[in-house]
Amino acid sequence: MTTYWEEPQSIWYASGLAEVLAGPAAQEAAGDSIVQFNRSGRAHPAGSVPASPNALSHANQRRLDRWGYVVVPDVGNLAAAEELVRSVGDLIPQYNGHLVHEVTYRPGNDHKAYSQSANTILAHTEAPGWHPSPAYLALFCHRQARCGGGHTDLLDVRKLVGALDADEIGLMTDAELDFPGPNGGVRSTMLSTDAAGDTVARFSYNLLTTSDYDPALDADVEHSGLPLGEPGRRLARRVSDLFRDLRTSVLIPDGALLIWDNQRMLHARSEYADRSRHLTRFFCSDWRRA
């Protein structure tokens, strides 16, 4: 289903502000014993958040904590979007070393496995080999695709875990693998726990199936060359199937900002062919996870 704002989810169902503000009782009902996210009850460290006339509202921060994502409409312009993101955490340099990255149509993408059709990206968390991985990702929409595609698809790991069997969950919580990244990357399980007791999700379909974040479309790797062998490849395909069935699909309106929790939500991008689609991406930390 396409959603422009937020879609009620069966595990952390919220249909309006009253339920978003329901507090710990609602959060306890939504949680489970395998993955925990307690950030909504944690205050910002004193003096950590810079004063800004364009900060994320308390209601939108609650929505972000509750659902793992929020769409802020009518932001205005890129400068205003950047202020909103900075009110959540420090901006983090991206792969190109810059604080912003322009997301535009790339006609050469169709030879890559992460782009099995035009400009498609499969389920993953961003920069899983970074320590720490970005707490949040944000996309400001200058012009959304007009072709019926180009959605940002999201899936909370709580909902994913609820659909996996015990062996599949065990592979995500017990089997360590090497996620390539700066300074040797990170060796971790796909679901780990940070110092505050919150779950940190790291996932890459491509890494589990080809041993590469950005493989060629025809890459065919023997199971002995995969990070978790054939069980890891089966898990990746299972997660990909569940992602397709359970995802929330967000088409960001022009002039709006989508923010999501990168340590909690898997994300992907649906196919599109509109060469005028243009978004700006931010990586940021979380003042509460400093």
Thinking salt bridges, do [X] and [Y] make one under a 4.0 Å N-O criterion?
X	Y	answer
R244	D241	yes
E83	R86	no
D65	R288	yes

Legend entry - hydrophobic_cluster_shared for M172 and V200, side chain cutoff 4.5 Å: no

Legend entry - Cluster link L242 to L171, ILVMFWY, side chain under 4.5 Å: yes

Legend entry - Qualifying residues under ring pair (Phe, Tyr, Trp, His ring centres under 6.0 Å), relative to F283, sequence neighbours excluded: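 Only Y95, W130 meet the ring pair (Phe, Tyr, Trp, His ring centres under 6.0 Å) criterion with F283.
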
Inset, instruction - Just jot down the ring pair (Phe, Tyr, Trp, His ring centres under 6.0 Å) partners of H124, sequence neighbours excluded, or say none. - result: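 With neighbours one apart ignored, the set is H267.
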
Inset, instruction - Could you tell me the separation between the CD atom of Q144 and the OG atom of S276, rounded to the nearest 0.5 Å? - result: 11.5 Å

Inset, instruction - Please tell me if the side chains of N206 and L122 come closer than 4.5 Å, counting only heavy atoms from C-beta onward. - result: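 In short, these two side chains touch, coming nearer than 4.5 Å.
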
Heavy-atom count around [X] [atom1] within 6.0 Å, excluding the residue itself: above 12?
X	atom1	result
N183	CG	no
H278	NE2	yes
N96	CG	yes

Inset, instruction - For the pair Y69 and W67, name the ring-plane relationship: parallel under 30°, tilted 30 to 60°, perpendicular over 60°. - result: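 Because their plane-to-plane angle lies in the 30° to 60° range, the rings of Y69 and W67 count as tilted.
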
Inset, instruction - Give me the one residue out of V250, T152, V70 that meets side chain to side chain contact (heavy atoms under 4.5 Å, CB included) with W260. - result: T152

Legend entry - Partner set under salt bridge (Lys or Arg N to Asp or Glu O under 4.0 Å) for E126, not counting sequence neighbours: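 Checked E126 against salt bridge (Lys or Arg N to Asp or Glu O under 4.0 Å); zero matches.
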
Legend entry - Test salt bridge (Lys or Arg N to Asp or Glu O under 4.0 Å) applied to D254 and R146, step by step: CA-CA 11 Å; D254 293 357; R146 307 289 199 259; 2.8 Å; yes

Inset, instruction - Keeping the roles fixed (side chain from N262, backbone from P134), state whether a donor-acceptor pair exists under 3.5 Å. - result: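 A pair under 3.5 Å: yes.
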
Legend entry - Exam field: side chain Q94 to backbone L99, donor-acceptor pair closer than 3.5 Å: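 Judged by distance alone, yes, a pair lies under 3.5 Å.
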
Legend entry - Distance-only donor-acceptor check, side chains D153 and S249, under 3.5 Å: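 Note: D153 and S249 side chains meet the donor-acceptor criterion.
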
Legend entry - Residues T199 and Q36: side-chain donor-acceptor under 3.5 angstrom: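 T199 vs Q36: no donor-acceptor pair found between side chains.
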
Inset, instruction - Test side-chain hydrogen bond (donor to acceptor under 3.5 Å, both in side chains) on T189 and E176 and set out the steps. - result: CA-CA 4 Å; T189 56; E176 291 190 342; over 6 Å; no

Inset, instruction - Apply the side chain to side chain donor-acceptor pair (under 3.5 Å) test between Y136 and each candidate in R264, R289, Q263; give the one that qualifies. - result: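 Filter result, single survivor: R289.
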
